[in-house]
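For reference, the structure discussed in these notes is given below.
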Amino acid sequence: GESVGLHLPTLSVQEGDNSIINCAYSNSASDYFIWYKQESGKGPQFIIDIRSNMDKRQGQRVTVLLNKTVKHLSLQIAATQPGDSAVYFCAENHRDKLVFGAGTILRVKS
Amino acid sequence: NAGVMQNPRHLVRRRGQEARLRCSPMKGHSHVYWYRQLPEEGLKFMVYLQKENIIDESGMPKERFSAEFPKEGPSILRIQQVVRGDSAAYFCASSPRGGGVGTEAFFGQGTRLTVV
C-alpha cells in the first residue's frame, strides 16, 4: 500500500545547531513532496515543497533534499531556533491527495 | 483575506449522537479536503470535494460518515452515531483548483472531537 514514514519520531537539538529530519516514502509514482510544520493545537503549515524532477530546493533557513533512488526525503533547518519546535510531517502528493507520514517531534533546547 | 475557517474548534459528543464539522474555505477556493488526525499520528486523508461534487472519498469509512460541499455555504463533515474511536482532530484544507495539493493549499485550525 501507499505509505510515507519517518525514521526518527523525536529529535532534540541545541539552539543554533542544524536539524535534519528524514522521511522515507514508498510510492515511486509520487511526483511532488511537501514538508509541513504543525504546532500544538494548530493546523499544518506549509514549509517547503519539491518536485520529483529536482533533488534539492532551498528556502529561508530550510532545505529539502530528495533522493529518488532510495525514496528518501529530508528537511534541513539551519540555525535551529526555539520557534522551530513543532511536529514536522512529510507528505507526498498522490492522485490529488496528500499522504502524510507519522511525524517527527523537533525539540529545541536553549 | 481570512484563512480556512473551521468550527467548532472543540466538540464534545456522547456516544450515539451526531457530530457536524464545518469548513469554510478561503475566498476563491472551490476545492476542499478533509483529514483526520489521531494523537501523535499523521493526517489521514478522508475525502476530496469540489462544489457540489465528491471527487474522492476513498478515505471515508463506509458507514456513519458523510461529507458535502454545497453550492452555497461551508463544507460539512457529518458523523452519525459517534463512537469513542471517532475522537480525533479533523482538519480541512482548501485550494483554488484541483490537480494536487501543495503550495496553494491551506489548512484550517481543525476541530477536536471528543466522544464521551
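The chains referred to below are lettered A, B, ... by the order of the sequence lines, with proteins before strands, and numbering in each begins at 1.
Taking the six-membered ring for Trp and the full ring otherwise, the centers of B/F106 and A/F46 sit at least 6.0 Å from each other.
Salt bridge absent: B/D86 and B/R13 never bring a charged side-chain N and a carboxylate O closer than 4.0 Å.
Of the residues listed (A/F33, A/F89, A/F100, A/Y32), the one engaging A/Y25 in a ring-ring contact (aromatic ring centres under 6.0 Å, His included) is A/F33, and it is the only one.
Among the candidates B/R9, B/Q109, B/E41, the residue making the largest number of heavy-atom pairs closer than 4.5 Å to chain A is B/Q109. For the options A/P44, A/G41, A/G43, heavy-atom pairs under 4.5 Å to chain B are most numerous at A/P44.
Contacts between B/Q37 and chain A at a heavy-atom distance below 4.5 Å involve the side chain alone, from C-beta outward. Within the 4.5 angstrom heavy-atom criterion, only side-chain atoms of A/Q38, from C-beta onward, approach chain B.
Side-chain contact between A/I77 and A/R61: present, with at least one pair of heavy atoms (C-beta onward) separated by less than 4.5 Å.
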